[in-house]
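Reminder, nothing fancy here: chain letters follow the sequence lines and each chain counts from 1. We use all heavy atoms of the structure for the numbers below, so side chains are in, but hydrogens, waters and symmetry mates are not.
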Amino acid sequence: MSKVRTRFAPSPTGFMHLGGLRTALYAYLYAKANGGDFILRVEDTDQQRYVEGAVELIYSSLLESGLKYDEGPDIGGNYGPYIQSERKHIYGEYAKKLVELGGAYYCFCSKERLESLTDENGNRKYDKHCLKLSKEEVERRIASGEPYVIRQNIPTEGTSSYEDLIYGRIDVDYKELEDNVLIKSDGMPTYNFANVIDDHLMGITHVIRGTEYLSSTPKYNLMYDAFGWERPVYIHLPTIMKDATRKLSKRYGDANFDDFVSKGYLKEAIINYVALLGWAPKDNSEKMTLTEMVEKFSLDGISKSPSIFDEVKLRWLNGEYVKALTDEEFYDIARPFLEKSKVNGVFDLKKIAKLLHSRVDVLGEIPEKIDWLAELTPYDLALFDNKKNKTSADVARDLLPKIKETILAIDEFENDKIFATLSEKAGEFGVKSGAIFWVLRIAITGQSVTPGGATELAALIGKDETVKRIDYSLSLLG
RNA sequence: GGCCCCUUGGUCAAGCGGUCAAGACAUCGCCCUUUCACGGCGGUAACACGAGUUCGAUUCUCGUAGGGGUCACCA
């Protein structure tokens, strides 16, 4: 059997969408799991939708997520060029050939005529009007400069079938298909044509793409057959949904790789999570490196039904990746987020990072977790309520002055010392030490969940600030 | 609407004729830490429905319902 070759063929229309990223990932995994090559091809035949810089974004997203392609526009290969707009002449040639083979024909119909074909349901199906044109008339009209397109000639009856590796046998009646445009009036091919020509010319053995092509694949097979080419193996992938009824789409703006990266998700975690949407390895592993995914990848683990994107689980996975980092690594990647916080320039960021490390799932939430450190503002006194430690606002009102006094007496204001000193006072104060820490923590932070224990935080903000905040809390308590 | 496809807990998902129907996230509870978190342990929770086939269906077939996809000079 020939070497497996898969491809990822995005359009440069904007950011790298997570759905697209998953398609790329599976194409990559399938190729690598089978010792094959993974190719990148840019499908930029629609000049209207072209977005400046999008091509570069495709390169960088793929690079960052580790999906290293063996051939592509920026790295070359033996089957180039890998950008469709640079292959325009190739399509024209093959289109002409397909016309000769009877698989396509020239069409001169006006937009108005096409629109008049719309039925009561708003659907439109081309009526093969120009198929009847004589060869002479076609040549004459082309020579006179009349604009034209080339349409695929689809049989009016019969059924086409093929075997999809995920969905099994797919049957579609030809009468459901339309004579789509293959070459547009500007000379550019449509996806319908270019994908077939390129996949064949580039030696693609396995076509991996979304289910939106499941029922139009017979059209492509018709062309492979007409040219006498071997049809590729098809692997269609289920959609990723935003919720039960809505597709995860660019329109919602929150489904781009870059968005998640800037929100503080690690690239490895994003790829890992996306891999799990629609695929489960035999051993049910969840946290996996790309290399492990290659080792475990197999098509029978891919599901047929759409799956809903769950950011909550992504958060968890991301947290796993974050915790696996060393403190130094964490500080490095957390730094931009720490610097965005209000505590930047006030407290030692490295110390804060250490406290934060085991308490952060997504880096983007760092500022909100520590902004309060810069300044204590009014908070809900109900935070003092804690049943386990038997604390309340009343208890706090009574305890805080004693705690303050104790703290004032501490010379070396560092965590261990503060902790030990306050612990010893529990008996004297007539409460559990847990109560002291709970009350102190709330009094100096005003937060229910904090990046560190009471004494760690006290040490971080310093003795003066700690005392100042205790006074402030006492004033709130009245 | 026509056609194609899909249907296991709130979510991701194991399962591929006989299971007390895995696991993960989330949720709830307990424990640990004489401080927050981390961590550990446990609970709640699912085969869309109806007919078949079969000794036996989550698993096979058909239908119903629900959902998705598609019907462009977009990919």
Between CD1 of A:Ile240 and P of B:U11 the distance, given in whole Å, is 16 Å

Could you check whether A:Lys432 gets within reach of a base, just the sugar-phosphate, or nothing at all, counting any heavy atom under 4.0 Å?
-> nothing

Regarding the side chain of A:Arg359, the nearest nucleotide among B:A37, B:G39, B:U7 is B:A37

Regarding the side chain of A:Ser433, the nearest nucleotide among B:U34, B:A13, B:C36 is B:U34

Write down the distance separating the P atoms in B:C55 and B:C12, rounded off to the nearest Å. 37 Å

Notebook entry, point to check: Between A:Asn221 and A:Tyr234, is any side-chain donor less than 3.5 angstrom from a side-chain acceptor?
Noted result: yes

Rounded to whole Å, the CD1-P distance (A:Ile166 to B:C5) equals 15 Å

> Cationic tip of A:Arg209 within the cone over A:Tyr213's six-membered ring, i.e. under 6.0 Å and within 45° of the normal?
Replying inline: yes

Checklist entry - Would A:Tyr273 and A:Asp310 count as having a side-chain donor-acceptor pair, cut-off 3.5 Å? => result no

Practice item. Look at the rings of A:His200 and A:Tyr224 and say which category their plane angle falls in: under 30° parallel, 30 to 60° tilted, over 60° perpendicular. Key: perpendicular

- Message: Side chains of A:Asp371 and A:Ser341 only: does a donor on one sit below 3.5 Å from an acceptor on the other?
- Response: yes

Quick tally for nucleotides 19-33 of chain B: nucleotides whose base has a protein heavy atom under 4.0 Å get B, sugar-phosphate-only ones S, the rest -, giving ---B-BSS------B

Could you check whether A:Asp198 and A:Tyr91, counting side-chain N and O atoms only, form a donor-acceptor pair closer than 3.5 Å?
yes

Considering only heavy side-chain atoms of A:Lys323, the closest of B:C38, B:C4, B:G68 is B:C38

Per atom distances to the A:Val172 side chain, the nearest of B:C3, B:C38, B:U35 is B:C3

**Asked** A:Gly434 near the nucleic acid: base, sugar-phosphate alone, or nothing, with a heavy-atom cut-off under 4.0 Å?
**Response** sugar-phosphate

Of the candidates B:C36, B:C6, B:A14, the side chain of A:Ala280 sits closest to B:A14

Any base atoms under 4.0 Å from A:Thr445, or only sugar-phosphate, or nothing? Heavy atoms, all strands. nothing

A:His236 ring center near A:Tyr167 ring center (under 6.0 Å)
no

In whole angstroms, the gap separating C1' of B:U34 from CD1 of A:Ile418 amounts to 16 Å

Q. Across the strands shown, which category fits A:Ala194 at heavy-atom distances under 4.0 angstrom: base, sugar-phosphate, nothing?
A. nothing

- For atom P, what is the distance between B:G10 and B:A37, given to the nearest Å? 28 Å

In terms of heavy-atom contacts, A:Tyr331 and A:Ala353 come closest through CD1-CB, 3.6 Å

In whole angstroms, the gap separating P of B:C36 from CD of A:Gln447 amounts to 15 Å

By nearest-nucleotide position on RNA chain B, the 5'-leaning member of A:Ser307 and A:Ala454 is A:Ser307

Flag for A:Thr445-A:Tyr379: side-chain donor and acceptor within less than 3.5 Å | no

Rounded to whole Å, the CG-P distance (A:Asp243 to B:G66) equals 18 Å

Looking only at side-chain N and O atoms, does A:Asp283 offer a donor or acceptor that is under 3.5 Å from a partner on A:Ser285? yes

From CZ of A:Phe419 across to C1' of B:U35 the rounded distance in Å is 6 Å

Paired to B:C38 by Watson-Crick or G-U wobble criteria (both distances under 3.5 Å) is none

Under a 4.0 Å heavy-atom criterion, the protein footprint on nucleotides 70-75 of chain B, written with B, S and -, is S-SBSB

Apply the test side-chain contact (heavy atoms from CB on, under 4.5 Å) to residues A:Phe413 and A:Ile407: give CA-CA distance (whole Å), side-chain angles for both, the deciding distance (0.1 Å), then the verdict.
CA-CA 8 Å; A:Phe413 203 71; A:Ile407 281 175; 3.5 Å; yes

Between CG of A:Asp300 and C1' of B:G15 the distance, given in whole Å, is 12 Å

Scan A:Asp171 against the nucleic acid and name what it touches under 4.0 Å (heavy atoms): base, sugar-phosphate only, or nothing.
-> sugar-phosphate

5'-most contact on RNA chain B (nearest-nucleotide basis), A:Thr245 vs A:Tyr273, goes to A:Tyr273

